[in-house]
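Step one of this worksheet: look at the structure below.
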Number of protein chains: 2
Amino acid sequence: MATRQGLDAESVLQAAIELADQQGIELLSLAALATKLKIKTPSLYNHIKGLPDLRKQLSKRGLLLVKDAMIEAVIGKAEDEALLAAGVAYVDFARKQPGLYEAISALPDYEDPELQEVGAGVVSFLLRILAPYGLSEEDALHVVRGFRSIVHGFASLELQNGFRMGLDRDESLRRLLQTYLRGLRGDAGREK
Amino acid sequence: MATRQGLDAESVLQAAIELADQQGIELLSLAALATKLKIKTPSLYNHIKGLPDLRKQLSKRGLLLVKDAMIEAVIGKAEDEALLAAGVAYVDFARKQPGLYEAISALPDYEDPELQEVGAGVVSFLLRILAPYGLSEEDALHVVRGFRSIVHGFASLELQNGFRMGLDRDESLRRLLQTYLRGLRGDAGREK
DNA sequence: TTACAAAACTAATGACATTAGTTATTATAC
DNA sequence: GTATAATAACTAATGTCATTAGTTTTGTAA
């Protein structure tokens, strides 16, 4: 019949990423993916374990890529400048690969050890950026949570069209991060 | 056959909220909902338009309730104290009604006018809390975006089990909000 | 050239949402 | 109190999925 095309796990994942970015993660089905690849749905099972497995792969790839984007963004920068750049890179990633970003945030199974590992990679990257601030380990971890909440919250709301006013979004993000960083300067752990 | 039970749209919605809170929004299906209500799936169509409509109703109800929770929390409070209380109430809502909260954040159709209206209600509530700060309209809108990003990001990550370190989560949230508020004090609009 | 592994296929199943058409029950009007 | 209309349930049927089992084909390596 149709001559065999050299499909492998990676090309299937790439096609899934394209579909997700174009139509949203909700509309990523094995049926749609198979059509895009010009094969029948069951043939996908030669490359993936099933839909949940595919979603997990998307989450993992998304986490790896968003971390890469942040690493790239902070080259030659330190302290506030680095954190600001990392935050902007994070949100830009979500804008450029919305489906992949959804895959990160759409409640995947975070109990999965593989996902925990890549998640931990992001955390340790942020901790290294925070090192020059000389925070205690506990303080630094609270800041990591804060930073992640800020950038994820912003990216997530923006992707949902949650920001409806005709107000510059980049400006909102910059202010949010700068305000947080300024507050951090005033902290020594915490007062109050 | 079975004697008719006085089901109406509201009781169906309530049952859907329970299911979503217990099992997560992903597992809320019409089949599961019908089983819970001891009717057959098609009978649900006497009360709802379909699954997308039901999801929209959940989103709307969630937004209304989270706003109520914040309003309740800020009674007798102002400025930083009020914003802190509102933020904590927001996150607590997500903890107590996780399925309903997912419905808010699981990318519903924000183009829908009804959802826009309740969303605008949340924004105008926050603007009223910000009034005493004497910000310009533009500055205040940026702050609203910042606040929403922070609390949504935190709630969303926490619900995903995104915070894995054995670090007190309430403390993380308090610090995050307080750091942001402290940064706000140092702002006059923005400086550099 | 033959044999084996891999990648495609067809066929079948079961869960689901949705629509159409039917029956039964409640409430209202007389 | 009985007839009627509206409503809420039902059964049956369709189409879309994901998934599994079993089969055929193709590329590669012996």
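Here is how names work: the chains are called A, B, and so on, in the same order as the sequence lines, proteins then strands, and each is numbered from 1. As the structure is a prediction and not an experimental result, all values here were calculated from the model.
- B:R148 places a side-chain N or O within donor-acceptor distance of the main-chain N or O of A:G162, the cut-off being under 3.5 Å.
- A salt bridge does not link A:D112 to A:K60: none of the charged side-chain nitrogens sits closer than 4.0 Å to a carboxylate oxygen.
- In this structure, A:E26 atom CD and D:dT16 atom P are separated by 20 Å, rounded to whole Å.
- Look at B:H47 and you'll find a side-chain N or O under 4.0 angstrom from OP1 or OP2 of D:dA9.
- Checked by atom type and distance alone, the side chain of B:S11 never pairs as donor or acceptor with a backbone atom of B:L7 at under 3.5 Å.
- As a whole-Å value, the separation of B:D8 CG from C:dT26 C1' is 15 Å.
- Rounding to whole angstrom units, CG of residue A:L33 and P of D:dT16 are separated by 18 Å.
- With A:R55 contributing its side chain and A:A106 its backbone, the two residues share no donor-acceptor pair below 3.5 Å.
- Ranked by how close their nearest DNA chain D nucleotide is to the 5' end, B:S43 and A:L30 are led by B:S43.
- Between A:Y45 and D:dT19, a side-chain N or O to OP1/OP2 separation shorter than 4.0 Å is present.
- Applying the 3.5 Å distance criterion, the base of C:dA8 shares a donor-acceptor pair with the side chain of A:N46.
- Rounding to whole angstrom units, CG of residue B:L27 and P of C:dA15 are separated by 15 Å.
- Residue A:I48 contributes atom CD1, which lies 13 Å from atom P of C:dA7 at whole-angstrom precision.
- Taking atom CG of residue A:L44 and atom C1' of nucleotide D:dT20, one finds them 14 Å apart after rounding to whole Å.
- Side-chain proximity of B:K40 to the nucleotides D:dA18, C:dA17, D:dT11 is greatest for D:dT11.
- Of the candidates D:dC17, C:dC16, D:dT19, D:dT19 carries the atom nearest the A:T41 side chain, counting heavy atoms from C-beta on.
- Per the geometry, CD1 belonging to B:I39 stands 12 Å off P belonging to D:dT11, to the nearest Å.
- In the hydrophobic clustering of ILVMFWY residues, with side-chain heavy atoms under 4.5 Å counting as a link, B:Y101 and B:L27 come out apart.
- The side chain of A:P42 has C:dT10 as its nearest neighbour among C:dC16, C:dT10, D:dC17.
- As rounded to whole Å, 13 Å separates atom C1' of D:dA8 from atom CG of B:L37.
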